[in-house]
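Take a look at the structure set out below.
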Number of protein chains: 2
Amino acid sequence: MKEQIKDKKTAIMESALKLFTERGFHGTSTAQISKEAGVATGTLFNYFPTKEDLINSLYFEVKGQLSQSMGKEIEAQSTFQDKLRKIWSNLIKWGVDNQEEFLFVGQFCSSPYITKFTREEVMKEYVFLHDLVNEGIKTGVIRDFSAELTIAMFYQASRTVVNLILDSDSSQDKNKFIEDGFKIIWKGLAKK
Amino acid sequence: MKEQIKDKKTAIMESALKLFTERGFHGTSTAQISKEAGVATGTLFNYFPTKEDLINSLYFEVKGQLSQSMGKEIEAQSTFQDKLRKIWSNLIKWGVDNQEEFLFVGQFCSSPYITKFTREEVMKEYVFLHDLVNEGIKTGVIRDFSAELTIAMFYQASRTVVNLILDSDSSQDKNKFIEDGFKIIWKGLAKK
DNA sequence: TCTCTAATTGACTGATTAGTCAGTTTACTG
DNA sequence: CAGTAAACTGACTAATCAGTCAATTAGAGA
């Protein structure tokens, strides 16, 4: 039964994710979500007391996945620049490979749903990025701006590149965007 | 009567803008909008055949305002860097001074409402930015990346800074964010 | 003042919404 | 097998939705 539980719950979350990115939060009804998941309406409310709970759970789930993908194989990188480069490509790969999740995060973050509390709560998962940036500043590899600004500029730049890739038809532009995007943000942040 | 028309129409648009940023598109009903505007429901549908028409009109209106603010006093600037610097501060000033409009644009652009067509349609207003960037590339002031990438990185960086300012309590951080943000994006884009 | 036209109104409609709950099925235990 | 607890169902509800339209109001010209 444990397996069943997970099956239905994930089915609901997957359907919700798909429909939310297609039609928006309020544009998607709980009835549509349960139908798409092949589940009764009541089951949805068994797992998520309200629709807003579902949206929030989805956001934490997706942000967790993103944060995990982001940190992959960083230790294997020797220089600070290589580490940042790896995070850069991890972020972009995640966005391109998980288009729905990527769009969902964008939608959620620009929506009135997100509170300052939620944003700060999620930020906790990015402590290691914060530490890395502070280390880079201390060792003089990157310029001494506030870590908040540095991280935000870096993260949003990666989102910009993903959006360009998703809009672009040609797949050869893809790598150019990734390379050139990093050139821009790295030169902007690096000390020399 | 001409005056009346404009009064009611703008009242509707202003109320819609306010409520959309507070509660999202689907989260705001046409009844709420008309009530807030001090107008009957029927009047709203007199000016905007459907709710989607209202949202779209609002987007074009707001983007027009933004594009106008962005280009202010550029001719007065002599160097290319000064021009970009002016656009940078214009963009940020607009976002900070027109918070609702700023958030609305963000919400709309990340929503499923926006089509590739709408995005391209709005892009036409930014031809002068495109020209400026191409000129910068040709004269060797900025690095030779695709104008699309350059503009997107620059524009999104300015949005990032506005978001940081809106989240920040201290007003002395504000100028620091604007200054440092430009340092980052300029060094990233400039040739030397 | 009267007339005509266009703007405005808000009660109304059929459809849809988030969420409920009494009853049914399922799977495990003893 | 019987007993039980939890998962699951879907018809149901009160509220709300986008959009309509017949009736009313207001202003401009004669």
Side-chain angles (χ1 to χ4, degrees), chain A residues 1-61 104 107-108 111-115 118, chain B residues 1-61 104 107-108 111-115 118:
Chain A
M1 192 138 232
K2 210 58 167 301
E3 210 42 54
Q4 267 290 341
I5 287 177
K6 219 187 157 185
D7 274 346
K8 303 231 168 179
K9 196 174 176 184
T10 35
I12 291 166
M13 291 178 93
E14 278 168 13
S15 304
L17 184 68
K18 184 188 162 197
L19 293 171
F20 284 154
T21 55
E22 271 174 15
R23 320 150 84 100
F25 299 134
H26 277 97
T28 306
S29 69
T30 49
Q32 287 172 317
I33 296 169
S34 13
K35 193 179 176 186
E36 171 88 20
V39 141
T41 347
T43 307
L44 189 154
F45 287 97
N46 204 10
Y47 292 114
F48 308 97
T50 67
K51 192 184 175 183
E52 219 177 297
D53 272 303
L54 169 59
I55 297 173
N56 260 275
S57 302
L58 210 44
Y59 180 67
F60 278 93
E61 164 75 20
F104 172 79
Q107 210 177 317
F108 187 83
S111 82
Y113 280 103
I114 199 164
T115 58
T118 313
Chain B
M1 190 133 236
K2 212 48 166 309
E3 212 41 55
Q4 267 290 340
I5 287 179
K6 217 188 158 185
D7 273 347
K8 304 232 167 181
K9 196 175 176 183
T10 35
I12 291 167
M13 288 179 94
E14 277 167 14
S15 304
L17 184 67
K18 186 189 161 197
L19 293 171
F20 284 155
T21 55
E22 272 174 15
R23 319 148 84 100
F25 299 133
H26 276 99
T28 306
S29 69
T30 49
Q32 287 172 318
I33 296 169
S34 12
K35 193 180 176 186
E36 171 88 20
V39 142
T41 348
T43 307
L44 188 153
F45 287 97
N46 204 10
Y47 293 115
F48 308 96
T50 67
K51 192 183 176 184
E52 219 177 298
D53 271 304
L54 168 59
I55 297 173
N56 261 277
S57 300
L58 210 44
Y59 180 67
F60 278 94
E61 165 74 21
F104 172 79
Q107 210 178 317
F108 186 83
S111 80
Y113 280 102
I114 198 164
T115 58
T118 313

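Please read all numbers here as calculations on a predicted model, not as lab measurements. Letters go in sequence order (proteins before strands), and every chain restarts at 1.
Ranked by how close their nearest DNA chain D nucleotide is to the 5' end, S29(B) and N46(A) are led by N46(A). Across the interface with DNA chain C, nearest-nucleotide mapping of P49(A) and A40(B) shows A40(B) to be the residue nearer the 5′ end.
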Task: Secondary-structure notation, DNA chain C, from Watson-Crick and G-U pairs under 3.5 angstrom (| other strand) - done: ||||||||||||||||||||||||||||||

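For E61(A), there are no salt bridge (charged side-chain N to carboxylate O under 4.0 Å, His left out) partners at least two apart in sequence or on another chain.
Here the P atom of nucleotide dG10(D) and the CG atom of L44(A) are 14 Å apart, to the nearest Å. Atom CD in E52(B) sits roughly 12 Å away from atom C1' in dA18(D) (whole-Å rounding). Rounded to an integer number of Å, the gap from K51(B) NZ to dA15(C) P is 19 Å. Taking atom CZ of residue F48(B) and atom C1' of nucleotide dT20(D), one finds them 18 Å apart after rounding to whole Å. Distance CG (L54(B)) to C1' (dA18(D)): 12 Å, rounded to an integer number of Å. One interatomic measurement links the two molecules: CZ of F45(B) to P of dG10(C), which rounds to 15 Å at whole-angstrom precision. Note: CD (Q32(A)) to C1' (dA15(C)) measures 13 Å, nearest angstrom. Atoms NE2 (H26(B)) and C1' (dT16(D)) sit 14 Å apart, rounded to a whole Å.
At dA6(C), none of the side-chain N or O atoms of K8(B) fall inside 4.0 Å of OP1 or OP2 (strictly under the cut-off). For dT8(C), the OP1/OP2 oxygens have a side-chain nitrogen or oxygen of Y47(B) closer than 4.0 Å. The shortest distance between the side-chain N/O atoms of T41(A) and the OP1/OP2 oxygens of dG10(D) is not below 4.0 Å.
Below 30°, between 30° and 60°, or above 60°: for Y113(B) and H26(B) the angle between ring planes is below 30°, a parallel geometry.
The backbone N or O of A11(B) lies less than 3.5 Å from no partner atom in the side chain of E14(B), so there is not a single donor-acceptor pair. Remark: the backbone N or O of T30(A) is paired with a side-chain donor or acceptor of S34(A) at under 3.5 angstrom.
The number of heavy-atom neighbours closer than 6.0 Å to CD of E22(B), taken from other residues, nucleotides and ligands shown, is above 12.
Among the heavy atoms of the strands, none lies under 4.0 Å from S34(B).
A donor atom on one side chain and an acceptor atom on the other are not found under 3.5 Å apart for N46(B) and T43(B).
Centroid-to-centroid, the aromatic rings of F25(B) and F104(B) come within less than 6.0 Å.
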